[in-house]
Protein chains: 2
Amino acid sequence: MNDAEPIKTPLTLDDGVDFAIIEHLFFAYRDFTADPDAILDEYGFGRAHHRVLHFVNRLPGLTVAELLEVLRITKQSLARVLKQLVDDGYIVQFPGPRDRRQRELYPTQKGRNLALALALPQSRRIRAALEEAQPGDSAAVARFLRAMVNPELRPQMDKLPNGRSK
Amino acid sequence: MNDAEPIKTPLTLDDGVDFAIIEHLFFAYRDFTADPDAILDEYGFGRAHHRVLHFVNRLPGLTVAELLEVLRITKQSLARVLKQLVDDGYIVQFPGPRDRRQRELYPTQKGRNLALALALPQSRRIRAALEEAQPGDSAAVARFLRAMVNPELRPQMDKLPNGRSK
DNA sequence: AAATTAAGTCAATAAGACTGACATAATTTT
DNA sequence: AAAATTATGTCAGTCTTATTGACTTAATTT
């Protein structure tokens with residue numbers, strides 16, 4: 001009974017859950033993605049385009065299958081986004097040298113420029129956040145975020161250029 | 001000319017951008033949200049329901065307008081989600097005592113239970129990530145994440161119970 | 001020659017957001 | 001007391017990003 005009774009006390013850290021970091025992550029990630037979103041809007045692109053463009057720039061020559069694995073989306077979801085980026089000249093495709101069924105994806109100079117422009121405000125935000133921090137905090141943050149990822153995915157992260165450095 | 005030329009070298013940290021933390025945040029946030037998403041699926045709920053339920057539990061008695069401000073969405077977006085949570089008995093509404101136009105939102109016991117169940121895997125993930133960390137890392141991470149949020153929003157974060165403690 | 005694989009495409013669906021317009025009830029201002 | 005404003009709710013339509021399922025084409029493997 002009393003199933004519809006209102007509970008008037010808030011959930012707090014005393015309930016054994018780290019709400020502070022849970023909420024900090026929510027707010028931080030929201031503002032973190034808002035920066036590039038505003039730029040993407042001017043190009044008629046969305047967050048999905050950003051992710052594709054980012055990883056093609058970080059791993060030039062990766063295949064469609066590899067990109068799908070990193071992004072963890074379906075090829076139908078990728079198709080629309082990738083087609084636009086290719087049509088608009090941000091990404092070019094080449095048949096794989098070994099296996100010609102594969103398509104190797106490379107950024108053009110235009111694609112490289114946009115990827116950098118999108119990363120810049122995010123990098124600025126990170127740098128500003130670390131400026132208020134103590135020495136060593138940067139490494140602590142990188143370690144923490146890496147440990148937040150499922151263990152089986154961490155090797156994938158380490159394949160990214162300089163992915164291991166802090 | 002040569003606008004369609006492929007660029008074969010990857011973007012790296014040498015380009016002056018902290019790609020490591022940018023990508024760490026992407027992967028960490030993806031796995032961080034995947035935990036509750038799996039639970040929500042069983043209830044026929046989505047991530048939007050989670051956010052509403054979370055903040056109603058953290059700030060019991062908040063009004064619809066206050067909730068909209070925290071979530072930064074429109075009332076039409078909130079409507080669908082909130083209606084389901086009320087209809088299914090996770091949240092109850094009461095007219096505001098001062099201003100009867102307002103609706104104060106409270107969790108029921110059922111809503112409290114679900115909010116805790118959703119927070120638990122996230123809290124476990126955070127605790128596990130901090131266990132591999134050095135002492136003091138926890139505070140450094142909280143400071144960093146807070147500094148990643150737009151300054152004008154930080155007072156709002158501090159209003160959450162124990163929001164300031166590390 | 002047959003089976004498998006990489007990629008592309010077509011169609012339908014869903015969640016979660018949006019804008020714009022309008023309704024109702026309660027409060028505040030004039 | 002009447003008018004204006006405010007808090008909430010609702011209707012209708014749109015957009016982005018994702019999904020599943022089915023099928024095609026071309027290339028490689030068995």
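Throughout, protein chains are lettered first and strands after them, A, B, ... in sequence-line order, and every chain is numbered starting at 1. Atom set for the values below is all heavy atoms of this structure, side chains included, hydrogens, waters and symmetry mates excluded. Nothing here was measured: the structure is a model prediction, and the numbers come from that model.
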Item checked: Most 5' of Lys75(A) and Ser77(B) on DNA chain C, judged by nearest nucleotide -> Lys75(A)
Checklist line | Residues Arg146(B), Asp158(B): salt bridge by 4.0 Å N-O rule | finding: yes
Check: Side chains of Asn150(A) and Arg125(B): do they bring a donor and an acceptor to under 3.5 Å?
Finding: yes
Check: Any side-chain heavy atom of Leu67(A) within less than 4.5 Å of one from Val52(A)?
Finding: yes
Notebook entry, point to check: More than 12 foreign heavy atoms under 6.0 Å from CD of Glu69(A): is that the case here?
Noted result: no
Next item on the list: Can you sort out which residues in residues 91-103 of chain B have a heavy atom within less than 4.0 Å of DNA chain C? Ascending by number, please.
Entry: Arg98(B), Asp99(B), Arg100(B), Arg101(B)
Margin query: Return whichever of Leu82(B) or His49(A) has its heavy-atom-nearest nucleotide of DNA chain D closer to the 5' end.
Written below: Leu82(B)
Notebook entry, point to check: For the rings on Tyr90(B) and Phe45(B), is their centre-to-centre separation under 6.0 Å?
Noted result: yes
Next item on the list: Please tell me if the side chains of Gln93(B) and Leu82(B) come closer than 4.5 Å, counting only heavy atoms from C-beta onward.
Entry: yes
Check: Taking the nucleotide of DNA chain D with the closest heavy atom to each, which residue, Gln76(B) or Glu66(B), is nearer the 5' end?
Finding: Glu66(B)
Check: Does atom CD of Gln76(B) have more than 12 heavy-atom neighbours from other groups under 6.0 Å away?
Finding: yes
Next item on the list: Specify whether Phe27(A) and Phe55(B) have parallel, tilted or perpendicular ring planes, treating 30° as the upper limit for parallel and 60° as the lower limit for perpendicular.
Entry: tilted
Item checked: Heavy-atom contact window of chain A on DNA chain D, given 5' to 3' at under 4.0 Å -> dT17(D) to dT28(D)
Notebook entry, point to check: What is the nucleic acid contact for Arg80(B), judged by heavy atoms within less than 4.0 Å: base, sugar-phosphate only, or nothing?
Noted result: base
Next item on the list: Given salt bridge (charged side-chain N to carboxylate O under 4.0 Å, His left out), test Arg127(B) with Asp18(A) step by step and report yes or no.
Entry: CA-CA 8 Å; Arg127(B) 208 176 309 140; Asp18(A) 196 337; over 6 Å; no
Margin query: Going 5' to 3' along DNA chain C, which are the first and last nucleotides with any atom under 4.0 Å from a heavy atom of chain B?
Written below: dG16(C) to dT27(C)
Check: Taking the six-membered ring for Trp, is the centroid-to-centroid distance between His54(B) and Phe19(A) below 6.0 Å?
Finding: yes
